[in-house]
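What you are looking at is a predicted structure, and each value in this text was computed from that prediction instead of being measured.
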Amino acid sequence: MAWKVAGMAIAALAIWLAGIDTYKKGIAALLRGRLNINALMSVAVTGAFLIGQWPEAAMVMALYAIAELIEAKAVDRARNAIKGLLELAPEEALVLGTNGAWTATPVASVAIGATVRIKPGERVPLDGMVTKGNGAINQAPVTGESIPVDKAPGDQVFAGTINETGELEFEVTALSSNTTLARIIQAVEQAQGTRAPTQRFVDRFASIYTPAVFAIAVAVAVLTPFLMGLTWLEALYKALVLLVIACPCALVISTPVTVVSGLAAGARRGILIKGGTYLEDARLLKAVALDKTGTITEGKPKLVKWQVWGGADETEVQQMAASLAVRSDHPVSKAIVQGLEIKGPEAENFKALPGRGVEGMVNGVRLTLGNHRLIHEQGLCGPELEAELAIQEKQGRTVTLLADESRVLALFAVADTIRETSKQAIVDLKALGVTPVMLTGDNAATAMAIAAQAGIDEARGDLLPEAKLDAIKEMQKRYGATGMTGDGINDAPALAQADIGFAMGAAGTDTAMEAADVVIMNDDLQRVAETVRLSKHTHAVLWQNITLALGIKSVFLVMAVVGTATMWMAVFADMGASLLVVGNGLRLLRRARR
């Protein structure tokens, strides 16, 4: 008798130590009239103890506590995949003081506009703009790019990235609390707080499922003595076993761990998804509207072709064009200077011709460097030149001409070239059954030319922001769920209207990033198709987990009803199902490493 009392006391102590939190939550739920997981476990363990099954009751509570701990650690692991990024940014920065000395300063104290120095091998402490030096930065933690990016004065650097070569100095452009890395963490943490469609379904299902299980358990305890000839203790034990088996832990934990893993996998690849809803819904996209400049194209004009005209000397033409272009701040002129890579003599009597070009004296010769309109006004356009201009303009190029007072000397064709990854991105989208459509404010000829290069079958040009918004609405009616990808302020209305908006994060405006549901941190258009694939995979894993959880429960529930399941089997079934769905959900994290 003494040994029995001692055993019961030890069991009671074990139940209390392992299950105090479960009891607190369970009693609170029962007092509010709610039948949740904790209430179910509290009733089952207490009942088992009272009918003399105290060793099993103690083990049930201990194993349940272990399962809860494992599940909590699993969710933490998924969340830490995001939060761990914060640790990438160093706590101190080497800042240039007013006295000209460099001082190690806590990053939280570094002001915008301060100059920071980073040596090779060091991590970038804050966002900024390079002012001095050249180096290669590993941006994988923020943008997902596997290849280091060369940096020079004028280029952006992000907190948490790694300076692999060369000493750099940069001007701080964001406080430590507002760096790109910090905003990624904040957005994903906010996303974790919103319930995805499948999560909402599981929550609603569990709210019905748990009370139903209680009702079935009560029916088993009350009716089986009459229907199956069991004793009241046997019937009560069977009902308690049923309660433990039916505990919906695995079902409830399956969705958050999977969604958080999916969000983390995306973030590690430079895809910032602002909620589980968008993570799940991306798989439903039937069409994606694509802005041209900065999305499909680089967003920076380049000199793609130039040729002398009318037998002019090639070297002399280069020098004269460079002399005029270097004095202009127009993007087209800058592209010509960079493309020619040559210096010319100083231009005299330089003058800007608004909307047309520039003019000046070079080596005593009056020259103009301007657009088609300017040359036409000067009466220097012949049929042959007009034909050549038509060919260039049909390809979406902006043509600038160099002329003296009597003839055209050279043509310079400048274009916004498409990104290297854009063609493959379009192929990937089409392979997923998503129709790409280009929407741009550029003229229709340029839109069609760029669309043809990228492999897009439909393109619309000359669109103002309101027209882009209307185009999205029309696409939603024609195709169904429609995404929008853009980077500028003019894209914000369309991004907000789309079922899912994708913003280009590296070159995109803050307005576009705020309006979007997904931010592509490295401006790689292929990440749009990757988001759709991640969405499909996440959705598949979610339903695999739901099927696993309910399938295992169903088998053991049948065993409990027919009397072949014990409480030991019940707790291992519950714990096993929980571990299976957790492990399956965490598989998504491995996608980030591929």
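- Once rounded to the nearest 0.5 Å, the distance linking CG of L429 with CD of Q526 reads 9.5 Å.
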Pair L534-I271, side chain to side chain contact (heavy atoms under 4.5 Å, CB included): steps then yes or no: CA-CA 10 Å; L534 178 61; I271 305 168; 5.5 Å; no

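- Within the 4.5 Å cutoff, the side chain of L401 has no heavy atoms near those of the W309 side chain.
- Here the closest heavy-atom approach between residue A471 and residue R460 is recorded as CB-NH1, 3.6 Å.
- Annotation: side chain of I118 is in contact with side chain of P125 (closest heavy-atom distance under 4.5 Å).
- Partner L290 forms a side-chain contact (heavy atoms from CB on, under 4.5 Å) with one of V437, L439, L525, V528 and no other, that one being L525.
- Atom-to-atom distance recorded for T538:OG1 and R533:CZ is 12.5 Å, nearest 0.5 angstrom.
- Taking the side chain as every heavy atom from C-beta outward, L402 and W306 never approach each other to under 4.5 Å.
- Atom CG of D499 is separated from atom CG of D281 by 8.0 Å, given to the nearest 0.5 angstrom.
- Legend: residues meeting salt bridge (Lys or Arg N to Asp or Glu O under 4.0 Å) with D457, ordered by chain and number and at least two apart, are K430.
- Within the model, atoms CD1 of I418 and CD1 of I426 stand 9.0 Å from one another, a figure rounded to the nearest 0.5 Å.
- Side chain of R123 to main chain of A159: no donor-acceptor pair is present (N/O by atom type, distance under 3.5 Å, no hydrogens or angles).
- Here the straight-line distance linking atom CD of Q378 with atom NE2 of H376 works out to 11.5 Å at 0.5 Å rounding.
- Here the closest heavy-atom approach between residue C381 and residue I375 is recorded as SG-CG2, 3.7 Å.
- Scanning for salt bridge (Lys or Arg N to Asp or Glu O under 4.0 Å) contacts around R283 gives an empty result, with sequence neighbours left out.
- V110 approaches A93 most closely through the heavy-atom pair CG2-CB, 4.3 Å.
- For the side chain to side chain contact (heavy atoms under 4.5 Å, CB included) test, residues two or more places apart in sequence or in another chain that qualify with A282 are I500, T531, S535.
- A distance-only check finds a donor-acceptor pair linking the side chain of S422 to the backbone of I296 [under 3.5 Å].
- Closest approach of T440 and A447 over heavy atoms only: CG2-CB, 3.5 Å.
- Using a 4.5 Å heavy-atom cutoff, the side chains of L168 and I137 are in contact.
- Shortest non-hydrogen contact noted between L285 and F502 is CD1-CE1, 3.9 Å.
- Nearest heavy atoms, A325 versus I336: CB-CG2, 4.2 Å.
- Looking at K468 and I472, their side chains never come closer than 4.5 Å, going by heavy atoms from C-beta outward.
- By the side chain to side chain contact (heavy atoms under 4.5 Å, CB included) test, T547 is found to be paired with no residue, residues two or more places apart in sequence or in another chain being considered.
- In this structure, the side chain of N545 does not engage the main chain of L548 through any donor-acceptor pair within 3.5 Å.
- When side chains are defined from C-beta on, D291 does not count as touching T485, because their heavy atoms never get closer than 4.5 Å.
- Looking at residues two or more places apart in sequence or on another chain, you find a salt bridge (Lys or Arg N to Asp or Glu O under 4.0 Å) between E167 and R117.
- Looking only at side-chain heavy atoms (C-beta outward), T277 and D517 stay at 4.5 Å or farther from each other.
- For K302 (side chain) and A335 (main-chain N/O), no donor-acceptor pair under 3.5 Å exists by modelled atom type.
- Contact annotation: the side chain of V358 never approaches that of S333 to less than 4.5 Å [non-hydrogen atoms, C-beta and beyond].
- Remark: the backbone N or O of G480 is paired with a side-chain donor or acceptor of T482 at under 3.5 angstrom.
- The side-chain hydrogen bond (donor to acceptor under 3.5 Å, both in side chains) pairs that include a residue from residues 380-390 are H372-E386, E388-Q392, where partners are two or more places apart or lie in different chains.
- Taken to the nearest 0.5 Å, the CD atom of Q156 stands 5.0 Å off from the CE atom of M129.
- Ion pairing between a basic and an acidic side chain is recognised when a charged N comes within 4.0 Å of a carboxylate O; R527 and E530 show such pairing.
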